[in-house]
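Okay, structure first, notes after.
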Number of protein chains: 2
Amino acid sequence: MRVSQLFAPTLRETPAEAEVISHQLMLRAGFIRKAAGGIYSYLPLAWRVLKKIEAIVREEMAAKGGQELAMPIIQPAEMWQETGRWSVYGDEMFRLKDRHNRNFCLGPTHEELITTLVRGDVRSYRQLPLLLYQIQNKYRDEIRPRFGLMRGREFIMKDLYSFDRDEAGLDESYNKMYDAYSRIFTRCGLSFRAVEADSGAIGGSGSHEFMVIADSGEAGIVYCGGCEYAANVEKAELHPISAAAEESMPLTEKDTPDTKTIAALSQFLGVSPEKTIKTLAYSTDKGEIVLALVRGDHEVNEIKLLNKVGCLHLEMANEEAIASVVGSKAGYIGPVGLADKKDIIIVADATVMNMHNAVCGANKPDAHYINVNPGRDFKASIVTDIRLIQESDPCPRCGAPIKTARGIEVGQVFKLFTKYSTALQTTFIDDDGKEKPMVMGCYGIGVSRTMAAAIEQNYDQNGIIWPVPIAPFHAVVVPVSTKDQLQMALAEKIYGELNASGVEAVLDDRNERPGVKFKDADLIGYPVKVTVGPKAISDNLIEVKVRRTGETLYFGPEEYVAGIKTLLAKL
Amino acid sequence: MRVSQLFAPTLRETPAEAEVISHQLMLRAGFIRKAAGGIYSYLPLAWRVLKKIEAIVREEMAAKGGQELAMPIIQPAEMWQETGRWSVYGDEMFRLKDRHNRNFCLGPTHEELITTLVRGDVRSYRQLPLLLYQIQNKYRDEIRPRFGLMRGREFIMKDLYSFDRDEAGLDESYNKMYDAYSRIFTRCGLSFRAVEADSGAIGGSGSHEFMVIADSGEAGIVYCGGCEYAANVEKAELHPISAAAEESMPLTEKDTPDTKTIAALSQFLGVSPEKTIKTLAYSTDKGEIVLALVRGDHEVNEIKLLNKVGCLHLEMANEEAIASVVGSKAGYIGPVGLADKKDIIIVADATVMNMHNAVCGANKPDAHYINVNPGRDFKASIVTDIRLIQESDPCPRCGAPIKTARGIEVGQVFKLFTKYSTALQTTFIDDDGKEKPMVMGCYGIGVSRTMAAAIEQNYDQNGIIWPVPIAPFHAVVVPVSTKDQLQMALAEKIYGELNASGVEAVLDDRNERPGVKFKDADLIGYPVKVTVGPKAISDNLIEVKVRRTGETLYFGPEEYVAGIKTLLAKL
């Protein structure tokens with residue numbers, strides 16, 4: 001490809017709308033253009049990157065026995081109503097009616113469709129397992145689409161669904177996909193971690209997320225330096241912390257004016273935050289109030305709390321709700337005396353129940369109890385782990401200090417068990433002659449998001465630094481002066497020889513100043529740049545600059561192709 | 001791929017819903033499943049066919065300098081409102097609103113989007129020409145989706161758009177695409193014709209359709225046995241026919257009871273239909289009445305008429321309209337005495353104006369004029385070619401008799417000129433420093449429709465007969481008995497060797513009766529079937545049956561791979 005003909009319009013200025021680096025660089029380097037909020041055109045360079053990611057995905061899916069198909073993007077409402085998700089999805093689902101007034105949606109995912117599809121055509125255990133996947137646009141009407149391709153409303157997904165006879169089969173399919181995903185992100189040249197993820201109501205170790213490590217990541221992850229443990233912060237388990245034994249003192253109410261925060265309270269009473277109990281009030285979708293108790297220096301993990309309470313939604317309770325149910329206001333709430341109250345669920349982090357002579361709110365303004373002894377002074381409806389993990393917390397597996405990082409979720413593997421096959425009557429006859437629901441899993445990769453994540457992890461102040469396996473091209477050949485016939489002839493020769501040898505090269509034949517061409521080359525992020533200037537002619541040496549390391553090498557005309565191939569293989 | 005693991009559920013019965021052969025066979029052979037009216041899932045075998053067609057398309061697009069990109073499927077309304085097509089498209093366009101109540105559509109085509117995209121980033125003649133294309137789902141809310149993939153509501157299209165400096169450039173781009181399309185359908189192994197197509201208001205030779213020849217085709221096409229001329233019947237031009245000179249006789253009104261048809265009239269008056277003038281009344285979208293005149297033995301081509309009148313819609317006028325404007329009823333209408341009447345446009349086929357002493361309606365019940373001499377007795381607002389071509393009509397180029405055929409439109413190339421660039425202000429600065437609108441063309445291929453058309457052209461009573469280049473697999477290896485270890489071992493060996501040598505083979509390792517496996521093989525339409533039965537073991541000869549010809553060949557174990565490759569190359 002000649003750059004003079006390539007539709008890759010670069011911009012000098014960073015568009016004001018772009019908040020994150022991948023969005024800025026993809027706009028500036030001519031990879032994407034916005035059509036509407038969260039909806040983009042992929043220009044030819046981006047399309048090449050996406051096709052490379054897709055090719056890697058396809059190879060690894062096929063290696064595990066995955067069969068590619070394509071389901072409709074536009075899906076009839078009926079099957080979504082059968083599973084109940086037509087209402088669950090709410091405003092996030094793009095909905096439309098056809099000319100006959102029938103309801104459709106634009107698929108945010110395809111569990112309903114694939115389960116219905118398989119239901120009609122698979123009857124026997126002999127037809128299982130099945131691993132079926134597709135790569136296509138998905139739709140989610142985000143309330144605030146942003147960050148370019150990181151949180152779009154139209155985006156490219158690979159979604160595979162597994163159908164097995166039993167849970168042992170599901171485990172096998174799950175492990176295959178876990179392995180395939182590890183291989184895919186490795187082959188894409190990305191630094192990533194597979195972390196244990198929240199699997200919602202299903203619980204257990206039923207889900208992993210694949211996170212590309214990047215400071216700009218939306219997700220917090222934790223990992224252990226001592227063992228293999230890694231998890232999404234939302235999911236990370238914690239063992240309860242015990243406290244040194246103490247003699248129980250009598251429960252006493254204290255005036256504690258202006259002590260709405262743990263910090264103020266600790267200072268006022270002269271106790272450390274570890275001796276206080278933090279009580280947060282939430283409202284559930286069922287109209288109950290949940291009081292969540294954690295140690296004063298700890299934070300509540302709301303995802304864990306949601307799962308443990310078993311409700312659909314949870315939000316901080318407002319002042320009226322707190323006043324009417326607890327009879328207090330935020331800052332002075334506590335569990336004492338509320339155990340038998342209707343519509344109140346007290347959920348205590350297990351660490352709280354180990355505390356002695358602690359401090360908590362007295363459910364009246366400017367008052368706290370001291371010498372609170374859990375068990376003696378209050379009971380909890382649920383005692384469990386609801387704590388948010390923090391840097392240096394002990395690893396739940398080996399006890400070594402936990403480390404934290406930021407990640408961009410690019411893939412997720414998930415055990416669905418029989419949730420959809422039961423809801424949609426997708427059964428098979430097993431070899432014992434019995435009809436059973438198929439045991440399912442689903443496995444997604446955000447293909448367009450992976451492209452963005454690759455940039456978030458690989459850039460510098462001059463632009464993108466593509467990992468070689470997913471670079472739109474491997475090399476750019478830049479003649480310093482297109483008017484110099486000797487330079488152009490040599491550049492053409494190099495361009496031809498590189499492509500003939502399997503190095504995907506572009507020739508920047510534009511009649512532009514060399515500075516402009518060098519800047520564009522760095523911005524677009526070709527792994528290797530070959531400069532053909534006066535010295536190439538006079539000294540018969542070809543200058544090769546490596547985008548990632550900045551190093552410059554010189555090769556003779558007989559060695560440069562092999563030299564570049566070696567460089568690319570090492571990158 | 002082992003058939004035991006392949007998701008290709010075949011059906012014994014032809015589903016009642018399927019009207020055309022491609023629809024029936026794709027359902028029966030496990031290629032597609034319906035999700036909603038006109039909306040299908042493509043199962044793995046269909047997906048392989050589609051990927052092969054797409055690969056051919058991509059290679060030929062790249063060979064002409066086409067660059068692939070991907071625009072959104074979901075498009076904001078504003079740009080469609082700018083060109084006026086938001087209203088023109090009517091109910092055929094799927095429309096939806098996002099959560100912020102903004103209007104979007106599902107793209108039926110992408111002229112608006114690509115023109116807007118190029119507008120923002122191309123400013124100079126040096127950036128032209130540009131050939132940009134994509135392959136993606138398109139949407140059209142057909143009032144009666146039917147015929148499976150032939151007329152779906154969600155379908156796969158390749159659409160390329162060309163941007164040039166001037167009409168000479170457009171001609172070049174157009175010819176490139178015409179050539180690429182010819183190569184694509186040839187490479188797909190299809191029998192097709194490129195025919196001149198109606199290009200609407202633009203006129204001229206601005207469009208060709210690529211038609212796969214098949215009796216089930218929805219489109220009528222004509223072609224000349226003597227020269228290269230070929231056209232859609234809607235478009236086919238005709239030269240006026242002259243009539244032998246006659247002395248003009250005086251215009252005379254005759255009572256002609258019960259002569260509403262040309263046949264009845266001819267018989268009643270004892271004149272041949274060639275001596276009569278047929279007058280048809282149409283209503284336009286502007287409220288006018290169009291009287292279309294053709295010779296009694298000719299038919300009106302309504303597409304030509306529409307273009308010549310220059311209106312958007314045309315429909316047969318109802319009785320009230322005819323009575324109020326013409327003062328007559330259908331069957332007795334004629335042009336005499338109406339030339340100056342308001343809201344009447346008389347459009348005469350040029351052949352009519354050559355007639356002498358003809359017969360036409362007298363605009364009163366049961367009455368006709370005889371001895372009508374056009375020019376003397378009536379004038380026409382427009383004299384032109386509005387006749388529908390018929391078998392044996394003289395070729396407009398060489399005069400040889402025209403032949404007719406049916407075709408399935410699988411591609412269209414179309415000169416847009418500056419229609420969209422003007423409407424959307426997509427201009428560039430030419431080398432003379434002047435700002436000019438870009439000159440555009442658009443070029444579509446129905447990818448999923450091409451798959452269906454290939455079947456309409458290639459099948460027999462047993463199933464599909466895939467052309468080799470787009471067959472889902474090249475060969476099926478069928479062990480007669482999977483329980484016979486020698487047979488299975490040999491079948492496995494053949495399966496392995498074929499795939500290793502580049503022949504895409506499946507192994508039908510299902511524990512089914514041989515008859516079931518043979519039937520499925522024929523139904524799915526693998527070009528070649530290798531049967532491994534007792535004779536293969538005892539005689540050391542491998543049986544190869546060719547799906548298209550039905551011939552059976554026997555090869556030794558050292559020759560069969562080369563033998564099959566030769567067979568495939570010849571098919």
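The sequence lines fix the lettering, A, B, ..., with proteins before strands; numbering per chain opens at 1.
Contact annotation: the side chain of Ser41(A) approaches that of Leu113(B) to within less than 4.5 Å [non-hydrogen atoms, C-beta and beyond]. Here the side chains of Asp121(B) and Leu11(A) are in contact, with some heavy-atom distance below 4.5 Å. Annotation: side chain of Leu132(A) is not in contact with side chain of Leu43(B) (no heavy-atom distance under 4.5 Å).
Note that the CD atom of Gln136(A) and the CD atom of Gln136(B) stand 12.0 Å from one another [nearest 0.5 Å]. Expressed to the nearest 0.5 Å, how far CG of Leu96(A) lies from OH of Tyr139(B) amounts to 10.0 Å. Separation of atoms CE (Met71(B)) and CD (Glu154(A)) is listed at 11.5 Å; rounding is to 0.5 Å. Annotation: the span from Arg99(B) atom CZ to Asp91(A) atom CG amounts to 4.5 Å, rounded to 0.5 Å. Interatomic distance, Asp98(B) CG to Glu142(A) CD, rounded to the nearest 0.5 Å: 12.0 Å. Atom-to-atom distance recorded for Lys97(A):NZ and Arg95(B):CZ is 15.5 Å, nearest 0.5 angstrom.
Of all the listed residues (Pro9(A), Ala70(A), Gly120(A)), the one sharing the greatest number of non-hydrogen pairs under 4.5 Å with chain B is Ala70(A). Contact count versus chain B (heavy atoms, under 4.5 Å) is highest, among Arg153(A), Lys34(A), Gln127(A), Arg510(A), for Arg153(A). Ranked by heavy-atom pairs under 4.5 Å with chain A, the list Val122(B), Thr116(B), Leu6(B) is led by Leu6(B). For the set Pro129(A), Ala36(A), Pro44(A), Ala46(A), the count of heavy-atom pairs under 4.5 angstrom toward chain B peaks at Pro44(A).
For Met93(A), no part lies near chain B; criterion is any non-hydrogen pair under 4.5 Å. When heavy atoms are compared at a cutoff of 4.5 Å, Ile114(A) does not approach chain B at all. With a threshold of 4.5 angstrom between heavy atoms, Tyr40(A) approaches chain B through N, CA, C or O but not through any side-chain atom. For Ile156(A), no part sits under 4.5 Å from any heavy atom of chain B, backbone or side chain. Heavy atoms of Ile32(B) lying under 4.5 Å from chain A are absent altogether. In this structure, the portions of Pro72(A) lying under 4.5 Å from any heavy atom of chain B include both its backbone and its side chain.
Heavy atoms from other residues, nucleotides or ligands lying under 6.0 Å from CD of Gln81(B) number more than 12. Surrounding CD of Glu512(B) are more than 12 heavy atoms belonging to other residues, nucleotides or ligands, all under 6.0 Å away. For Arg123(A), the CZ atom is densely surrounded, since the number of other residues' heavy atoms within 6.0 Å is greater than 12.
The heavy-atom pair separating Ala35(A) from Pro76(B) by the smallest distance is O-CG, 3.4 Å. What you find for Leu130(A) and Gln5(B) is that their closest heavy atoms are CD2-O, 4.1 Å. The heavy-atom pair separating His100(A) from Ile143(B) by the smallest distance is NE2-O, 3.4 Å.
With hydrogens and angles ignored, the 3.5 Å screen pairs a side-chain donor or acceptor of Gln67(A) with a backbone N or O of Phe7(B).
The side chain to side chain contact (heavy atoms under 4.5 Å, CB included) test with Ile74(B) singles out one residue from Ile39(A), Ile73(A), Asn137(A), and that residue is Ile39(A).
The list of ring-ring contact (aromatic ring centres under 6.0 Å, His included) pairs with a residue in residues 101-135 of chain B, not counting sequence neighbours, is empty.
Residue-level contacts of residues 47-54 of chain B with chain A, in order of numbering, are Trp47(B), Lys51(B); threshold 4.5 Å between heavy atoms.
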